[in-house]
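In what follows, a structure is listed as structure tokens, so that the remarks can point back to it.
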Amino acid sequence: MRVTVVGSGFVGQTTAMRLVERGLAEVVLIDIVEGLPQGLALDMRQSAPVVGFEPTVVGTNDYADTAGSDVVVITAGFPRQPGMSRMDLLGKNAGIVREVVERFIPSSPNAIIVVVTNPLDEMTFLAADVSGFPKERVMGMAGVLDSARLRAFIAEELGVSPLVVEAMTLGSHGESMVPLPRHATVDGKPLAELVDNATLGRLFARTRDAGAEIVGLLKKGSAYYAPSASAARMVETIAGRNDGPLPVSAWCTGQYGIDEVYVGVPVRLSLAGVSEIVELDLNDDELAALRAAAEGIRAKCADLGAL
Ligand SMILES: NC(=O)c1ccc[n+]([C@@H]2O[C@H](COP(=O)([O-])OP(=O)(O)OC[C@H]3O[C@@H](n4cnc5c(N)ncnc54)[C@H](O)[C@@H]3O)[C@@H](O)[C@H]2O)c1
């Protein structure tokens, strides 16, 4: 598989490294900064003899080198900085995502697009709109990350390995994240039997604010290890290396009573993109929260028209 990672900042470069280290793909890393992707790719290739992988990564500033990509992961753009309003970020990153999509589609007309750039839901909608690709070939990364953060917090709370914790969040990042406590388990046991409601609420709140917690600690920049692991997991699943459903920002066409909007739902991925939206058994409250998240996203996407 050939994967282009657009943006060679923290998220882009770590995503590229994870893909190439796992032998998942031939990776093209691209950025507008001259020399940056080339230098990073050279450095990664030099780690190959030590770590033990085929050094199938190149860096470039030229979209001609991305031709024939099966997947394009878009990480180009600014993270939100202190003092920056949502509309400022929307304006800046919309310009970048629009340009990126226009530049790679002529030579990769059959690619699957995985959007990582924030604000995620709006940028995913924009990438679909600008590309004109079938919506199942355009998706956003948020739920894999939020679910991973929740699993990590549950594991730390209970002093167990995160590998025995299953949990999923739907909806979107932040306020519109929809945690599903009824579907969370630890070593096969329902989470709700292991912690009280106050603890559950605290774990969900920390997950919702996890990005801001990391920004507060780093002072400069935002999270990238878990975000890149999440983007790489999506590519891995598209490649067929892993077949479980993942929570992905996907275009709904009536599932969960939600129509014509991108929102985080469990999906099956394949080389066709989103091959199925999995309809979990949600109760009335969970369904209402998911639908409210979808309507919030629909309203936010309307702001793209005001730019
Ligand atoms: N969806 C998520 O869960 C999630 C998680 C983490 C980060 N993000 C987002 O991912 C984006 C990248 O974060 P980061 O930490 O890597 O930022 P970063 O500043 O480290 O890297 C961004 C890179 O994009 C490049 N870039 C800018 N304009 C470009 C263009 N037109 N073409 C190609 N490259 C261009 C920059 O030169 C830079 O190297 C941000 O928008 C951030 O908010 C999303």
Side-chain angles (χ1 to χ4, degrees), residues 4-18 28-41 59-63 65-66 72-82 84-86 88-105 113-127 130 138-150 169 171-174 176-177 207-215 218-235 246-250 262-264 297:
T4 289
V5 179
V6 188
S8 309
F10 287 112
V11 178
Q13 59 184 265
T14 40
T15 301
M17 197 176 78
R18 290 183 191 285
V28 182
L29 187 58
I30 187 165
D31 201 282
I32 41 166
V33 178
E34 282 185 23
L36 177 67
Q38 293 88 339
L40 290 166
T60 184
N61 305 112
D62 182 354
Y63 278 89
D65 297 327
T66 70
V72 176
V73 182
I74 303 179
T75 77
F78 297 89
R80 187 144 164 190
Q81 282 138 10
M84 208 184 211
S85 74
R86 177 182 157 268
D88 292 340
L89 183 70
L90 189 68
K92 283 189 170 216
N93 285 353
I96 292 172
V97 168
R98 177 179 291 281
E99 182 210 307
V100 163
V101 172
E102 284 171 349
R103 294 193 66 183
F104 78 74
I105 51 172
I113 305 177
V114 176
V115 179
V116 178
T117 305
N118 276 321
L120 195 270
D121 304 304
E122 295 92 314
M123 293 304 110
T124 306
F125 178 81
L126 181 70
V130 174
V138 185
M139 66 193 83
M141 187 287 287
V144 178
L145 173 60
D146 288 336
S147 303
R149 285 172 164 164
L150 178 57
T169 69
S172 183
H173 272 330
S176 40
M177 182 187 92
T207 304
R208 193 187 57 218
D209 299 333
E213 182 178 352
I214 291 177
V215 169
L218 295 178
K219 313 281 189 299
K220 207 168 149 236
S222 59
Y224 52 97
Y225 287 123
S228 59
S230 305
R233 170 49 70 97
M234 287 173 66
V235 176
L246 293 181
V248 161
S249 180
Y262 275 101
V263 63
I297 292 167

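These values consider heavy atoms only, across backbone and side chains, with no hydrogens, waters or symmetry-generated copies. Just so you know, ligand 1 is whichever comes first in the structure, and atom 1 is the first atom listed for that ligand. Just so you know, these numbers come straight off a predicted model, no measurement behind them.
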For ligand 1, which atoms sit closer than 4.0 Å to a heavy atom of I96?
28 (N), 29 (C), 30 (C), 31 (N)
How far is atom 14 (P) of ligand 1 from its nearest protein heavy atom, and which residue and atom is that?
V11 CG2, 3.7 Å
Angle class for the Y224/F10 ring planes (parallel below 30°, perpendicular above 60°, tilted otherwise)?
parallel
Nearest option to atom 34 (N) of ligand 1, as decided by whichever heavy atom of S8, S172, A76 sits closest:
A76
Quick one: pull up CG in L120 and CG in N93 and give me the separation to the nearest 0.5 Å.
11.0 Å
Within ligand 1, which atoms have a heavy atom of V33 less than 4.0 Å away?
37 (O)
When distances are taken from atom 33 (C) of ligand 1, the protein heavy atom at minimum range is I32 N, 3.6 Å
of all protein heavy atoms, closest to atom 22 (C) of ligand 1 is G77 O, 3.2 Å
What heavy-atom pair brings T169 and M177 nearest, and what distance separates the two atoms?
CB-CG, 3.8 Å
Does N93 approach ligand 1 within less than 4.0 angstrom via side chain, backbone, both or neither, non-hydrogen atoms only?
side chain
Which protein heavy atom lies closest to atom 21 (O) of ligand 1, and at what distance to 0.1 Å?
G9 CA, 3.1 Å
What heavy-atom pair brings S8 and L36 nearest, and what distance separates the two atoms?
O-CD2, 3.8 Å
Identify, for atom 11 (C) of ligand 1, the protein heavy atom at the shortest distance, and state residue, atom and that distance.
T75 O, 3.4 Å
Of all the non-hydrogen atoms in the protein, which one sits nearest to atom 8 (N) of ligand 1, and at what distance?
N118 ND2, 3.5 Å
Would you please test T4 and T66 for side chain to side chain donor-acceptor pair (under 3.5 Å) and show each step?
CA-CA 6 Å; T4 289; T66 70; 4.5 Å; no
Shortest reach to atom 6 (C) of ligand 1 by a heavy atom, considering only S222, G12, P227, A231:
P227
Applying a 4.0 Å heavy-atom criterion (strictly less than), which segment of L145 is in contact with ligand 1: side chain, backbone, both, or neither?
side chain
At a non-hydrogen distance cut-off of under 4.0 Å, which region of P79 contacts ligand 1 (side chain, backbone, both, or neither)?
both
Can you report which non-hydrogen protein atom sits closest to atom 2 (C) of ligand 1, along with the distance?
H173 NE2, 3.4 Å
Give a yes or no answer on whether the side chain of R18 reaches the backbone of R233 with a donor-acceptor pair at less than 3.5 Å.
no
Quick check against the 3.5 Å criterion: does Y262 have a side-chain atom that pairs as donor or acceptor with the backbone of I297?
no
When you measure from atom 40 (C) of ligand 1 to every protein heavy atom, which one gives the shortest distance, and what is it?
F78 O, 3.4 Å
Hey, which atoms in ligand 1 end up nearer than 4.0 Å to a heavy atom of E99?
31 (N)
At a 4.0 Å threshold, what atoms of ligand 1 neighbour a non-hydrogen atom of A223?
6 (C)
Taking the side chain from T117 and the backbone from A76, do they hold a donor-acceptor pair closer than 3.5 Å?
yes
Below 4.0 Å, non-hydrogen atoms only: which portion of Y224 touches ligand 1? Side chain, backbone, both or neither.
neither
Which bit of S230 is near ligand 1, meaning a heavy atom under 4.0 Å away: side chain, backbone, both or neither?
neither
